[in-house]
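Lettering follows sequence order; numbering is per chain, from 1. Worth knowing before you read on, the calculation uses all heavy atoms, side chains too, and leaves out hydrogens, waters and symmetry mates.
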Protein chains: 2
Amino acid sequence: MAHSQGDDAGEMLIGDFARAVGSTKDTVRFYTRLGLLKAGERAAGQRHYAVYDQDQIDRFVFIEQCKALGFTLQEIGSAFREHEAGTLTALRQQEIMEAKLRSIEERIANLREAERKLRAKVERSGE
Amino acid sequence: MAHSQGDDAGEMLIGDFARAVGSTKDTVRFYTRLGLLKAGERAAGQRHYAVYDQDQIDRFVFIEQCKALGFTLQEIGSAFREHEAGTLTALRQQEIMEAKLRSIEERIANLREAERKLRAKVERSGE
DNA sequence: GTAGGGTGTGGACCATGGCCCACAGTCAAG
DNA sequence: CTTGACTGTGGGCCATGGTCCACACCCTAC
């Protein structure tokens, strides 16, 4: 493994982390800038290299799951901040999920409406 | 009507056109730059003012309908170009609509999948 | 002739989720 | 000691559908 020595409890540099989660360094940096991932620091000469551990892998996987559920990175970040502030109760989580559920249902309804109109047009043009 | 004299068969300046279709001058210019609307030209000193007629109003309405059906401005423009090239047969129109229908169905399926997962989570957290 | 409307052009900016590039420091192996 | 692979920073760019702004010109009414 390229640079992956010095495993202080599985800490790794960004490249290995990106490979581990099947993503890119740019994305990892992007998420880190947004506060979605927390990087440790390892001195490297006059500079610092970011290091990521298993927790961050879990976090990344969680983020991907949330994205698949339709949450934006913004929303995920805001939930993380609530979590850190200790205000993300089970009830609050449920509220968030139900709100998202409603917005998904709304989008489905809009798409279905478009589908209906479009189907009508196709059929009219077909006969 | 502010500037709306000199009606050469209902030609109007951009402001009146925008008001007529219930949109904004910026949007009208945007569509015009994209080639979705065709403006005539009226000399004004050293410059030219764009003029729009009834055909363009109809065009604008059509664009809005297409947007409501889920077509992007790009797609609409490309269809217009096919129309001008004379290649937009009824069959071709049907193809385009069916392709869009499929993409809408795909998006609905994705959203339903997210909805399903999310609902499962909400219920699990609810009990 | 001046104010107050209209207009065009060119550009920056918004959110979304990144990709890509250059430049420069770091580090290990040869 | 050089080569190659890695790293960070800072910036530009993509699509999408516009909004907003400044600056300059135009025209009409007073």
Side-chain angles (χ1 to χ4, degrees), chain A residues 1-7 11-52 60 63-78 100 103 107 110, chain B residues 1-7 11-52 60 63-78 100 103 107 110:
Chain A
M1 284 178 211
H3 256 232
S4 321
Q5 263 70 343
D7 305 50
E11 290 199 331
M12 59 195 111
L13 295 181
I14 194 168
D16 287 338
F17 179 77
R19 262 187 297 282
V21 298
S23 186
T24 68
K25 291 188 280 187
D26 275 321
T27 299
V28 173
R29 287 200 192 99
F30 186 53
Y31 285 9
T32 305
R33 264 202 304 282
L34 291 186
L36 298 181
L37 296 175
K38 308 290 181 194
E41 300 213 330
R42 177 182 299 170
Q46 306 308 310
R47 322 175 44 179
H48 293 274
Y49 282 177
V51 286
Y52 297 88
F60 192 98
I63 292 168
E64 301 244 285
Q65 283 165 357
C66 289
K67 278 185 34 177
L69 292 176
F71 291 98
T72 64
L73 298 183
Q74 263 250 356
E75 289 168 334
I76 299 167
S78 129
K100 178 55 68 177
S103 95
R107 284 163 63 192
N110 289 339
Chain B
M1 286 180 209
H3 255 230
S4 319
Q5 263 69 345
D7 304 51
E11 289 200 332
M12 60 194 112
L13 296 181
I14 194 167
D16 287 337
F17 179 76
R19 261 188 298 282
V21 298
S23 186
T24 67
K25 291 189 280 188
D26 276 321
T27 298
V28 173
R29 287 199 193 98
F30 187 55
Y31 285 9
T32 306
R33 263 201 306 281
L34 290 186
L36 299 180
L37 296 174
K38 309 290 181 195
E41 299 213 330
R42 177 181 301 169
Q46 307 307 308
R47 322 175 46 178
H48 292 275
Y49 283 177
V51 286
Y52 298 88
F60 193 98
I63 292 167
E64 301 243 286
Q65 283 165 358
C66 290
K67 279 184 34 178
L69 292 176
F71 291 98
T72 64
L73 298 183
Q74 263 250 359
E75 289 167 334
I76 298 167
S78 131
K100 178 55 67 177
S103 95
R107 285 163 63 193
N110 288 339

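B:Arg29 meets the salt bridge (charged side-chain N to carboxylate O under 4.0 Å, His left out) test with B:Asp26; sequence neighbours excluded. Every side-chain contact (heavy atoms from CB on, under 4.5 Å) that A:Gln65 has, sequence neighbours left out, goes to A:Val61, A:Phe62. Qualifying salt bridge (charged side-chain N to carboxylate O under 4.0 Å, His left out) partners for B:Glu64, counting only residues two or more places apart in sequence or in other chains: none. For A:Glu41, the side-chain hydrogen bond (donor to acceptor under 3.5 Å, both in side chains) partners are A:His48, not counting sequence neighbours.
Put simply, CD on A:Glu75 is 14 Å from P on C:dA15, counting in whole angstrom units. What separates CE of A:Met12 from C1' of D:dT7 is a distance of 16 Å, to the nearest Å. Distance A:Glu41 CD to D:dG8 P: 10 Å, rounded to the nearest Å. In this structure, A:Leu34 places its CG atom 9 Å from P of C:dG17, rounding to the nearest Å. As rounded to whole Å, 16 Å separates atom C1' of C:dG25 from atom CD1 of A:Ile14. Whole-Å rounding puts the A:Phe60 CZ to C:dG17 C1' distance at 12 Å. Distance CG (B:Leu13) to C1' (D:dT28): 13 Å, rounded to an integer number of Å. Straight-line distance from the CG atom of A:Asp16 to the C1' atom of D:dC6: 10 Å, rounded to whole Å.
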Enumerate donor-acceptor pairs with a distance under 3.5 Å from any side-chain N or O in residues 67-75 of chain A to protein atoms, sequence neighbours excluded.
residue	atom	partner	partner atom	Å
A:Lys67	NZ	A:Tyr31	OH	3.4
A:Thr72	OG1	A:Glu75	N	3.1
A:Thr72	OG1	A:Glu75	OE1	3.4
A:Glu75	OE1	A:Thr72	N	2.8
A:Glu75	OE1	A:Lys100	NZ	3.0
A:Glu75	OE2	A:Lys100	NZ	3.3

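Side-chain to base pairing of B:Tyr49 with C:dG8: no donor and acceptor N or O lie closer than 3.5 Å to each other.
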(request) Treat primed atoms plus P, OP1 and OP2 as sugar-phosphate and everything else as base, then score nucleotides 17-24 of chain D 5' to 3': B for base contact with protein heavy atoms under 4.0 Å, S for sugar-phosphate contact only, - for none. (result) BBBB---B
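Each of B:Tyr52 and A:Gly45 has a nearest nucleotide on DNA chain C; the 5'-most of these lies closest to B:Tyr52.
Relative orientation of the B:Tyr52 and B:Phe17 rings is parallel, given thresholds of 30° and 60° on the angle between their planes.
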